[in-house]
Amino acid sequence: MAEPQYVILDKFFGVNKQETETLLELGEASEMSNWTITDDLKLKKQYGYKSLNASVAGKKVNGMWWGKINGVDHFLFARGGKVYEYDFTAKTEVEIGTIVDAYPTTFFASNNVVYILDGTEFYQWDGTTFKQVEGYVPLVVSGAPPTGGGTLVEGINYISGKKKMKFSADGNRTLFQLMEDNIDSVDSVFIGPDEQGAGVDYTVDLTYGTVSFANPPPEGANNIEITWTKNDTEFRRRITNCRYYGGVYYARFWLFGNPNYRNTRYPSGVTQHGVSDPTYWPYASDSTVGEHEITDILTQYDKQIIFTSGDSSGASAWYSTSESYTDPNSGLFTTIFPTFPINAKVGNIAMGQTQIIYNNPFTVWKGIYEWVSTYVMNEKNAVWISQRIQRDLDTVDLSKAITWDWDENGLYLLCVGKRIWCYNYRVTGVNGERGVWYVLDLPHEPTCFITVDRKLLFGTTDGQIMMFDENEVTFDGEEIVATWDMGYYNFGTDWIRKFVHLMFISLVPYISTHVDIYLSTDRDAAFRFVKTIYYRLSNFDTWDFSGIDVPGYETKGFSFETNFSPQPKRVKLKAKKIDYMKIRLVCGGTDGATVLSITLPTRTGGLVKNR
């Protein structure tokens with residue numbers, strides 16, 4: 001019999017669900033659950049998470065936000081038609097406002113104010129007061145004569161019926177014409193710095209939209225300011241019915257996801273004083289993008305990237321730039337945002353779930369695609385990065401996927417139901433490509449993710465907030481069972497019989513760790529339990545001799561010494577006259593485990609015989 005050859009598996013490359021698992025490279029898993037791949041390509045059991053609050057049956061977490069308001073950290077979440085603040089110190093949740101129970105509920109913040117969209121209304125919270133957004137009041141016209149006209153300054157606000165107009169009085173006229181008739185009210189009138197009294201200093205005709213002064217105002221330039229209201233509920237719904245936030249581009253906040261205007265994006269405005277105001281949404285500044293529903297908007301470098309649910313007959317990915325434009329009739333200067341197609345075949349189908357990783361967008365289409373820049377300006381290639389898990393993805397509805405970039409750990413998360421596919425993008429794969437995939441199977445279904453102080457939190461379908469923590473050994477009380485299946489391996493020759501009597505496996509020494517080892521071969525496809533290997537650091541409270549295979553160990557006495565070095569363990573596989581084999585590693589209970597390497601001394605002898 002030939003001298004033994006040593007097959008060493010000391011790098012683990014995640015899961016690869018190919019049609020034929022015999023094609024897998026050494027280190028790739030055919031099946032994998034609740035093991036993670038570390039940054040040094042070792043196999044580590046996933047740690048657990050704990051609940052921060054009690055469950056509420058039938059009330060899922062619709063959205064979360066964490067950030068600072070006036071220098072103080074706040075964590076907010078929406079559930080069951082309420083917005084709550086969670087106090088991590090007191091471990092309590094406090095109701096701060098009432099909204100519609102809608103999924104998703106979107107949060108974003110600016111200038112120490114949190115804004116909330118539930119698809120019906122638009123709310124704000126400044127750390128103290130929760131209310132509906134009233135909206136910025138634009139100065140629509142200035143320098144108007146009493147008969148109306150003047151110079152356009154700011155566009156009317158979609159979410160507010162209030163407007164302001166400045167007149168230049170001539171010292172003779174008392175009747176001043178507003179730019180709208182059939183108005184709801186006149187809210188204030190100023191001559192210079194002095195507010196005038198309704199019914200005393202002036203009267204109003206709501207039908208004709210006029211203000212009549214008791215005495216002619218003195219002559220002056222822009223010395224009269226009138227504020228009035230004419231509400232249009234349909235205008236306000238253009239914004240309040242939006243469900244998604246597209247970030248900031250060119251000093252403007254962007255919204256999309258209005259079910260009545262599915263291919264329309266809405267930018268906020270910049271006031272006459274140069275302030276970017278998320279309560280100002282100028283009329284006619286919105287724009288349509290193609291014919292299909294916008295599914296995400298984000299900023300990359302100096303471009304805005306827009307993804308849609310288009311098909312092969314129309315572009316599914318676009319980019320937008322900013323350009324200056326002056327209206328030839330009014331002379332009004334404005335900024336416009338034209339769009340240009342990038343790709344007609346690939347887009348995004350999961351609403352609001354595009355992530356930017358290393359400045360490249362990751363979108364959910366029929367799989368996961370990374371958009372990589374080329375040497376040609378404004379061109380991008382959509383690179384398919386989910387090949388290794390595509391068989392899984394083909395069985396689920398990716399339009400319902402939620403994603404997250406846990407950048408502190410270098411992980412892209414893709415979740416459908418209770419399963420999370422994790423892409424460690426900080427490592428190099430088996431063939432030199434970036435990233436490896438692994439899978440987490442949870443007992444709770446996530447609805448949204450957020451990172452708080454480097455820790456990953458997720459909301460659940462029963463109203464709880466869960467926090468991953470390295471000190472937790474269960475999934476909120478549920479056992480974590482980690483399983484890793486090696487692909488069928490023939491040691492490079494499928495016509496020669498192999499003899500694999502032993503296996504050596506090295507573990508990181510934790511206070512308590514174990515791994516159950518199973519074996520499957522071409523002679524017996526069913527997994528056969530081989531052995532459980534243990535390691536426990538000295539701790540008189542947890543002495544346990546079960547599974548220790550040193551004869552007479554109990555009689556040898558106790559030792560106060562501990563060994564923190566890697567612990568190689570010898571295992572008798574007794575795999576004789578085999579062609580293919582695979583190993584399964586399982587770790588359940590409350591133990592942690594990290595596998596450093598597996599070594600298989602292998603002898604060959606004789607040709608494979610027909611069976």
Side-chain angles (χ1 to χ4, degrees), residues 34 36-39 44-55 60-79 83-96 104-116 125-128 245 247-248 298 352-353 355-359 362 402-415 420 422-427 438 440 442 444-460 463-478 480 592 594:
N34 294 332
T36 70
I37 303 299
T38 67
D39 286 351
K44 183 176 183 179
K45 183 182 178 182
Q46 174 63 47
Y47 54 81
Y49 57 75
K50 61 182 177 181
S51 60
L52 302 182
N53 59 344
S55 64
K60 65 182 175 182
V61 176
N62 292 320
M64 300 184 293
W65 177 86
W66 179 75
K68 293 184 183 295
I69 301 177
N70 295 315
V72 178
D73 288 329
H74 294 271
F75 176 67
L76 308 182
F77 68 96
R79 181 191 64 204
V83 177
Y84 299 89
E85 180 179 15
Y86 183 82
D87 188 318
F88 288 98
T89 302
K91 299 180 180 179
T92 57
E93 55 185 50
V94 177
E95 180 185 330
I96 63 172
T105 296
T106 298
F107 296 79
F108 69 95
S110 174
N111 196 28
N112 293 311
V113 178
V114 180
Y115 297 93
I116 305 160
W125 186 67
D126 61 3
T128 303
Y245 173 58
V248 177
L298 59 152
Q353 300 304 319
Q355 302 295 334
I356 293 285
I357 296 174
Y358 293 152
N359 284 322
F362 280 49
I402 58 174
T403 68
W404 188 253
D405 175 21
W406 192 5
D407 56 355
E408 290 84 355
N409 284 20
L411 294 177
Y412 168 81
L413 308 180
L414 171 73
C415 178
I420 304 175
C422 304
Y423 180 68
N424 185 339
Y425 53 79
R426 293 200 299 211
V427 303
Y438 59 85
L440 303 182
L442 310 183
H444 304 89
E445 183 175 346
T447 59
C448 49
F449 294 102
I450 199 168
T451 306
V452 176
D453 285 336
R454 301 181 63 86
K455 292 186 177 181
L456 181 69
L457 279 67
F458 66 91
T460 70
Q464 290 184 287
I465 306 294
M466 301 291 185
M467 175 186 283
F468 279 93
D469 191 308
E470 293 186 2
N471 296 316
E472 297 297 320
V473 296
T474 66
F475 287 152
D476 196 39
E478 299 284 340
I480 304 173
T594 298

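The chain is numbered in sequence order, starting from 1. Model, not experiment: these values are computed from the prediction.
- Pairs engaging residues 402-415 under the side chain to side chain donor-acceptor pair (under 3.5 Å) rule: Q353-T403, Q355-T403, W404-T451, D405-Y425 [sequence neighbours left out].
- Of the inter-residue distances, the one linking I357 atom CD1 with R426 atom CZ reads 11.5 Å to the nearest 0.5 angstrom.
- Side-chain contact between V473 and I480 is absent, with no heavy atoms from C-beta onward closer than 4.5 Å.
- Interatomic distance, L456 CG to L411 CG, rounded to the nearest 0.5 Å: 9.0 Å.
- D469 meets the side chain to side chain contact (heavy atoms under 4.5 Å, CB included) test with K50, K455, N471, E472; sequence neighbours excluded.
- Take A90 and apply the side chain to side chain contact (heavy atoms under 4.5 Å, CB included) test, not counting sequence neighbours, and it matches D87, T92.
- Under a 3.5 Å cut-off, the side chain of T447 and the backbone N or O of V61 do form a donor-acceptor pair.
- For F107, there are no ring pair (Phe, Tyr, Trp, His ring centres under 6.0 Å) partners, not counting sequence neighbours.
- Between L440 and T36, the shortest heavy-atom distance links the atoms CD2-CG2, 4.5 Å.
- Under the rule for a side-chain hydrogen bond (donor to acceptor under 3.5 Å, both in side chains), S55 has no partner lying at least two apart in sequence or in another chain.
- The two residues C422 and L413 make their nearest non-hydrogen contact at SG-CD2, 3.6 Å.
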>> As a quick check of understanding, evaluate side-chain contact (heavy atoms from CB on, under 4.5 Å) for I450 and F75, giving each step before the final call.
In response: CA-CA 10 Å; I450 199 168; F75 176 67; 3.9 Å; yes
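- A heavy-atom distance below 4.5 Å is not found between the side chains of W66 and L457.
- Legend: salt bridge (charged side-chain N to carboxylate O under 4.0 Å, His left out) pairs involving residues 60-78, not counting sequence neighbours, sorted by first then second residue: K68-D73.
- For F458, the ring pair (Phe, Tyr, Trp, His ring centres under 6.0 Å) partners at least two apart in sequence or on another chain are Y49, F468.
- The ring pair (Phe, Tyr, Trp, His ring centres under 6.0 Å) search around Y86 returns F88, not counting sequence neighbours.
- Here T38 pairs with D40 under the side-chain hydrogen bond (donor to acceptor under 3.5 Å, both in side chains) rule; sequence neighbours left out.
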>> With side-chain contact (heavy atoms from CB on, under 4.5 Å) as the criterion, how do F77 and N53 come out once you've worked through the C-alpha distance, each side chain's angles and the decisive distance to 0.1 Å?
In response: CA-CA 12 Å; F77 68 96; N53 59 344; 4.0 Å; yes
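- Closest of all the heavy-atom pairs between P446 and I402 is O-CD1, 3.7 Å.
- V113 meets the side chain to side chain contact (heavy atoms under 4.5 Å, CB included) test with Y115, Q124, D126; sequence neighbours excluded.
- Remark: side-chain polar atoms of R79 are paired, donor with acceptor, to backbone N or O of G463 under 3.5 angstrom.
- In this structure, the side chain of D476 engages the main chain of S51 through a donor-acceptor pair within 3.5 Å.
- Applying the ring pair (Phe, Tyr, Trp, His ring centres under 6.0 Å) criterion to W125, with sequence neighbours excluded, gives H74.
- The two atoms that bring L76 and E85 nearest to each other are CD2-CB, 3.7 Å, heavy atoms only.
- Proximity of a side-chain donor or acceptor of N34 to a complementary backbone N or O of Q46 within less than 3.5 Å is not detected.
- To the nearest 0.5 angstrom, H444 atom NE2 is 5.5 Å from Q464 atom CD.
- Listed by chain and number, the residues in a side-chain hydrogen bond (donor to acceptor under 3.5 Å, both in side chains) with E95 are K82 (sequence neighbours excluded).
- In this structure, CG on N112 lies 4.0 Å from CG on N70, to the nearest 0.5 angstrom.
- Expressed to the nearest 0.5 Å, how far CZ of F449 lies from CD1 of I420 amounts to 4.0 Å.
- Closest heavy-atom contact between G127 and I69: N-CD1, 4.1 Å.
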